[in-house]
Amino acid sequence: MSLLLLLDPHSERAEVWEQGLKAALPDETIEVYPHLCDPAQVEVAIVANPPAGVLAELPKLQLIQSLWAGVDRLLADPTLPHHVPLCRLVDPNLNAAMSESVLLHVLTLHRRVPQYRAQQTRRQWKQWPQPLAAETTTGILGLGELGRTAALALSRLGFRVLGWSRGPKVVEGITVFSGSDGLNLMLGQTQILVNLLPLTDHTQGMLNHDLFTRLPQGASLINLARGKHLVEEDILEALGSGQLSHAILDVFATEPLPEAHPFWSHPQISVLPHVAAYSNPQSSLGVVKENLSRLRSGQPLLFRVDTKLGY
Ligand code: NDP
Ligand code: OXD
């Protein structure tokens with residue numbers, strides 16, 4: 001069985017993945033795209049945002065294993081071979097890294113860091129009220145692997161945490177909503193909204209004017225999922241009108257964010273270059289190994305994507 005590592009051609013970490021994969025699987029034949037001897041020999045593709053069209057050219061493919069948690073770019077490839085199982089990355093280290101990001105950004109907003117930074121530029125000494133975490137309500141869109149872990153971490157810190165998922169669920173200490181009525185109820189109480197939804201036909205563009213008006217005035221947004229969840233003109237309008245006070249954005253419809261983009265210099269937007277949680281070769285290759293062994297022994301694969309639902 002031959003394995004093919006297929007990465008985004010602009011990946012800055014291609015070498016780390018290649019070395020990690022070869023060290024984790026010393027007995028396998030591993031090729032790295034585009035240096036490929038015979039496409040007909042490839043049975044497993046280990047991918048991170050591969051160029052569109054390549055997977056369709058591997059006639060013996062039996063497994064597509066994503067090194068990313070989100071598979072929206074893979075599913076957007078019209079030539080993706082849908083008969084081949086697609087599995088995504090789930091990894092405790094990714095959950096831990098994402099929870100750190102969520103805690104960092106929620107605390108930043110809760111303790112008014114952007115406001116104090118702006119005061120500093122004006123040499124202004126002004127102290128604002130300091131509510132405790134228990135007096136602040138955070139709402140998490142998406143209570144999957146990453147959202148659930150982050151919600152629990154916020155709750156441990158004392159925040160009141162609400163969460164929204166597609167189906168109803170129970171998460172200890174978190175008030176969970178689902179459906180559009182549930183979303184309304186959650187938004188009406190949410191002061192800091194965190195997006196950790198997958199990008200699907202249902203979630204694309206949902207961070208829009210209509211959603212912002214359902215939040216209390218002065219609420220803030222943290223988008224750590226995908227740029228296409230957000231309608232860019234609508235966030236600019238909501239910040240300008242005071243409906244929202246600040247947005248921390250880690251992901252963008254176009255990445256890297258173009259130099260001339262208005263987000264870069266907006267005083268109420270903090271821009272981060274898609275760094276909320278990196279997939280870590282050391283820990284995530286464990287999942288790859290496990291799925292290879294399951295494929296060989298005919299056991300059910302871990303973390304298989306439902307390509308109809310899109311996550
Ligand atoms: P999961 O698939 O584990 O969780 C997805 C959650 O979203 C589930 O709770 C699901 O509900 C909910 N959901 C999906 N569709 C809907 C819908 N239409 N309405 C309401 N809820 C919905 O994903 P992960 O937690 O592993 O990852 C989430 C996303 O985070 C990834 O898709 C990726 O885009 C992003 N990400 C960003 C990173 C970064 O560095 N910025 C790093 C890693 C991931 P239910 O539980 O009912 O199925
Ligand atoms: C992912 C990401 O989906 O890094 O894993 O965004």
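All ligand and atom numbering here is 1-based and tracks the order in the structure. Residue indices begin at 1 and follow the sequence shown. Note that this is a predicted model, so its numbers are computed, not measured.
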Q: Check whether F159 and L143 end up in the same hydrophobic cluster, where Ile, Leu, Val, Met, Phe, Trp and Tyr are linked by side-chain heavy atoms less than 4.5 Å apart.
A: yes
Q | Heteroatom proximity flag, H202 to ligand 1, N/O under 3.5 Å | A | no
Q) Considering only the protein, which heavy-atom contact is closest to atom 46 (O) of ligand 1, and what is its distance? A) K169 NZ, 2.6 Å
Q.
Can you name the atoms of ligand 1, numbered from 1 with element, that are less than 4.0 Å from a heavy atom of A225?
A. 34 (O), 35 (C), 37 (C)
Q.
Looking at non-hydrogen atoms alone, which of H229, R226, H274, M206 comes nearest to atom 36 (N) of ligand 1?
A. R226
Q: Between S165, P198, G142, flag the one that comes closest to atom 5 (C) of ligand 1 by a heavy atom.
A: P198
For each nitrogen or oxygen atom of ligand 2, which protein N/O atoms lie closer than 3.5 Å, and how far apart are they, rounded to 0.1 Å?
{"unit_1": "ligand 2", "atom_1": "3 (O)", "unit_2": "A69", "atom_2": "N", "d": "3.4"}
{"unit_1": "ligand 2", "atom_1": "3 (O)", "unit_2": "G70", "atom_2": "N", "d": "2.8"}
{"unit_1": "ligand 2", "atom_1": "3 (O)", "unit_2": "R226", "atom_2": "NH2", "d": "2.8"}
{"unit_1": "ligand 2", "atom_1": "5 (O)", "unit_2": "A69", "atom_2": "N", "d": "2.7"}
{"unit_1": "ligand 2", "atom_1": "6 (O)", "unit_2": "R226", "atom_2": "NH1", "d": "2.9"}
{"unit_1": "ligand 2", "atom_1": "6 (O)", "unit_2": "R226", "atom_2": "NH2", "d": "3.4"}
{"unit_1": "ligand 2", "atom_1": "6 (O)", "unit_2": "H274", "atom_2": "NE2", "d": "2.7"}

Q. To the nearest 0.1 Å, how far is atom 29 (C) of ligand 1 from its closest protein heavy atom, and which atom is that?
A. L197 O, 3.8 Å
Q. With a 4.5 Å heavy-atom cut-off, do L302 and R294 have their side chains touching?
A. yes
Q.
As a check for students: among M98, R166, E145, identify the option with a heavy atom nearest to atom 16 (C) of ligand 1.
A. R166
Q | Student check: side-chain heavy atoms of L196 and L141 closer than 4.5 Å | A | no
Q: Look at atom 37 (C) of ligand 1 and say which protein heavy atom is nearest, naming residue and atom and giving the distance to 0.1 Å.
A: L224 O, 3.1 Å
Q | Closest protein heavy atom (residue, atom, distance) for atom 19 (N) of ligand 1 | A | W164 CH2, 3.3 Å
(Q) Which residue and atom name correspond to the protein heavy atom nearest atom 31 (C) of ligand 1, and how close is it? (A) G70 CA, 3.8 Å
**Q.** Audit row: F263, E232, side chain to side chain contact (heavy atoms under 4.5 Å, CB included) steps and yes/no
**A.** CA-CA 9 Å; F263 285 175; E232 296 191 346; 3.8 Å; yes
Q: Return yes or no for this condition: an N or O of G167 is under 3.5 Å from an N or O of ligand 1.
A: yes
Q. Is K22 salt-bridged to E31, going by a charged N under 4.0 Å from an acidic O?
A. no
**Q.** Side chain D72, main chain L199, donor-acceptor under 3.5 Å
**A.** no
Q | Salt bridge R73-D77, side-chain N to carboxylate O under 4.0 Å | A | no
Q | A277 N/O under 3.5 Å from ligand 1 N/O | A | yes
(Q) As a check for students: among T200, L94, L146, identify the option with a heavy atom nearest to atom 27 (O) of ligand 1. (A) L146
Q) Can you tell me which residue and heavy atom of the protein come closest to atom 15 (N) of ligand 1, and the distance to 0.1 Å? A) Y311 CE2, 3.7 Å
Q | Validation row, ring centre F252 to ring centre H261 under 6.0 Å | A | no
Q | Nearest protein heavy atom with distance in Å, relative to atom 8 (C) of ligand 1 | A | G144 N, 3.6 Å
**Q.** Worked verdict on F212 versus L221 for side chain to side chain contact (heavy atoms under 4.5 Å, CB included)
**A.** CA-CA 9 Å; F212 299 146; L221 170 72; 4.2 Å; yes
Q: Just need the protein heavy atom nearest to atom 28 (C) of ligand 1, so name the residue and atom and give the distance.
A: L196 O, 3.4 Å
(Q) Looking at non-hydrogen atoms alone, which of R148, R88, R73 comes nearest to atom 3 (O) of ligand 1? (A) R88
